[in-house]
2 protein chains.
Amino acid sequence: MRIGELAARTGVSVRALRYYEEQELLVPQRSRSGQRHYPDSAVDHVRLIQELYAAGLSSRTIVELMPYAVDGRATPELIDRLSAERDRVEGRITELVGTRDRLDSVITGAAKNLRTGRSCRVGPTG
Amino acid sequence: MRIGELAARTGVSVRALRYYEEQELLVPQRSRSGQRHYPDSAVDHVRLIQELYAAGLSSRTIVELMPYAVDGRATPELIDRLSAERDRVEGRITELVGTRDRLDSVITGAAKNLRTGRSCRVGPTG
DNA sequence: CTTGCCTCTCACGTCAACGTCAGGTTTTAG
DNA sequence: CTAAAACCTGACGTTGACGTGAGAGGCAAG
């Protein structure tokens with residue numbers, strides 16, 4: 001399929017797809033006239049890329065991890081890299097859970113404040 | 001305290017503190033000569049700001065939520081805003097948990113691949 | 001053939017949260 | 001008093017993942 005269709009199917013912009021190519025994340029074939037042609041598998045490929053971006057990985061990191069997703073070839077280094085990223089994501093989750101709990105207690109305090117009309121201090125821990 | 005000490009205590013840069021002021025997140029008093037002077041509470045204040053940044057909130061959003069943190073005054077709108085951000089954070093957590101699990105299964109597959117030396121496809125779902 | 005949409009390649013613009021440098025003033029230590 | 005350290009105000013630079021517009025070429029339909 002051509003770039004417009006892939007964009008429509010994945011929900012990412014045409015510009016983004018060209019950017020992915022620039023970053024060597026998704027390199028399509030070219031017709032004689034220079035138009036990009038993607039296989040059907042590109043749809044899932046793009047979704048994976050998006051997910052990894054959403055997880056906070058950079059293009060460079062994704063590029064480094066792609067060889068595995070592409071040809072299924074694993075090396076110890078690759079596994080280390082994947083594990084490191086997994087741990088990073090895990091760390092982010094922990095942070096965010098803490099923040100969510102903080103927000104929860106702030107909200108609870110605020111709601112109480114609202115009911116009583118009294119100003120009960122809720123700021124940073126302490 | 002002056003800006004350098006606050007920076008040292010919080011671990012954020014002097015530049016960042018000046019940026020926070022620019023964004024009206026943390027407005028200190030000024031001496032006659034123009035130097036910034038912060039109260040002790042600014043330390044916790046900065047930490048809260050950092051945490052909210054880390055949670056993915058923008059300066060603008062933080063500014064909107066600050067009135068509560070500053071004077072403890074809650075309004076229904078503020079609580080809605082806080083709840084909305086809480087839900088955003090919760091959504092991010094769910095996403096990241098999914099990604100972590102995806103990474104886990106990829107890693108497991110890769111490790112198995114490595115042991116067997118066989119290429120077992122692990123890519124996007126499907 | 002031409003209309004119209006899709007695509008191409010530059011290449012500059014954007015946005016957030018600062019980094020960094022320049023050039024000058026204030027505070028502090030000796 | 002002097003020198004160093006800390007502070008001040010601009011103001012331009014950085015990074016990542018694109019947005020946006022210009023100007024030109026490609027392709028199926030009438």
Side-chain angles (χ1 to χ4, degrees), chain A residues 1-39 42-43 45-66 85 88-89 92 95-96 99, chain B residues 1-39 42-43 45-66 85 88-89 92 95-96 99:
Chain A
M1 80 192 79
R2 290 188 303 169
I3 199 168
E5 188 179 344
L6 181 57
R9 282 206 204 172
T10 57
V12 314
S13 70
V14 167
R15 177 66 178 93
L17 294 175
R18 292 203 266 248
Y19 175 74
Y20 294 167
E21 181 175 1
E22 201 177 305
Q23 302 301 309
E24 299 176 53
L25 281 172
L26 186 66
V27 182
Q29 296 208 296
R30 297 298 188 113
S31 66
R32 267 151 302 138
S33 63
Q35 300 209 340
R36 295 169 176 83
H37 285 273
Y38 300 86
V43 175
H45 200 145
V46 168
R47 293 199 178 127
L48 176 59
I49 291 171
Q50 288 275 302
E51 186 168 356
L52 293 178
Y53 271 136
L57 311 209
S58 67
S59 300
R60 225 174 59 76
T61 302
I62 299 178
V63 165
E64 290 172 18
L65 300 182
M66 270 307 167
E85 291 305 329
R88 240 188 26 76
V89 172
R92 271 298 280 163
E95 278 179 33
L96 288 182
T99 299
Chain B
M1 80 192 78
R2 292 189 302 169
I3 199 168
E5 187 180 345
L6 181 57
R9 282 208 205 170
T10 58
V12 314
S13 69
V14 166
R15 178 69 178 89
L17 294 175
R18 292 203 266 250
Y19 174 75
Y20 294 168
E21 181 175 3
E22 201 178 305
Q23 302 301 308
E24 299 177 55
L25 281 172
L26 185 65
V27 182
Q29 296 207 298
R30 297 297 187 113
S31 67
R32 267 151 302 138
S33 64
Q35 298 209 344
R36 294 169 176 84
H37 285 274
Y38 299 86
V43 174
H45 200 146
V46 168
R47 292 199 179 127
L48 176 59
I49 291 171
Q50 288 275 301
E51 186 168 356
L52 293 178
Y53 272 134
L57 310 208
S58 67
S59 299
R60 226 173 58 77
T61 303
I62 299 178
V63 165
E64 291 172 18
L65 300 183
M66 270 305 166
E85 291 305 330
R88 239 187 27 74
V89 172
R92 273 295 281 161
E95 279 178 32
L96 289 182
T99 300

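Here is how names work: the chains are called A, B, and so on, in the same order as the sequence lines, proteins then strands, and each is numbered from 1.
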Between [atom2] on [N] and [atom1] on [X], what's the gap in Å once rounded to a whole number?
X        : N       : atom1 : atom2 : value
Leu57(A) : dG16(D) : CG    : P     : 14 Å
Ile62(B) : dA17(C) : CD1   : P     : 7 Å
Glu22(B) : dG10(D) : CD    : P     : 11 Å
Tyr38(B) : dA6(D)  : OH    : C1'   : 13 Å
Arg2(A)  : dC27(D) : CZ    : P     : 8 Å
Leu17(A) : dC6(C)  : CG    : C1'   : 14 Å
Leu52(A) : dA17(D) : CG    : C1'   : 15 Å

Checklist entry - Any side-chain donor-acceptor pair under 3.5 Å between Tyr20(B) and Ser59(B)? => result no

Checklist entry - Looking just at side-chain N and O atoms, do Arg2(A) and Gln35(A) make a donor-acceptor pair shorter than 3.5 Å? => result yes

Just N and O in the side chain of [X]: are any of them under 4.0 Å from OP1 or OP2 of [N]?
X        : N       : answer
Ser33(A) : dC27(D) : yes
Ser31(A) : dG26(D) : no
Arg36(B) : dC8(D)  : yes

[X] near the nucleic acid: base, sugar-phosphate alone, or nothing, with a heavy-atom cut-off under 4.0 Å?
X        : result
Arg32(B) : nothing
Arg18(B) : base
Arg30(B) : sugar-phosphate

Item to check | Electrostatic pair Arg47(B)-Glu51(B), nearest N-O below 4.0 angstrom | outcome: no

Checklist entry - Would Glu21(A) and Arg18(A) pass as an ion pair if we require N to O under 4.0 Å? => result no

Nearest-neighbour nucleotide for the [X] side chain, [options] considered:
X        : options                   : value
Ser13(B) : dA6(D), dT9(D), dG19(C)   : dG19(C)
Tyr19(A) : dG25(D), dA17(D), dC8(D)  : dA17(D)
Tyr20(A) : dA17(C), dT27(C), dC18(D) : dC18(D)

Item to check | Earlier contact from the 5' end, DNA chain D, for Gln50(A) and Ile3(B) | outcome: Ile3(B)

Item to check | Comparing Gln35(B) and Glu5(A) on DNA chain C - which has the more 5′ nearest nucleotide | outcome: Glu5(A)

Checklist entry - Toward the 5' end of DNA chain C, which comes first, Val14(B) or His37(A), by nearest nucleotide? => result His37(A)

Item to check | Donor-acceptor contact below 3.5 Å, side chain Thr10(B) vs main chain Leu6(B) | outcome: yes

Next on the checklist: Check this for me: does the side-chain of Arg15(A) come within 3.5 Å of the base of dT20(D) through a donor and an acceptor?
Outcome noted: yes

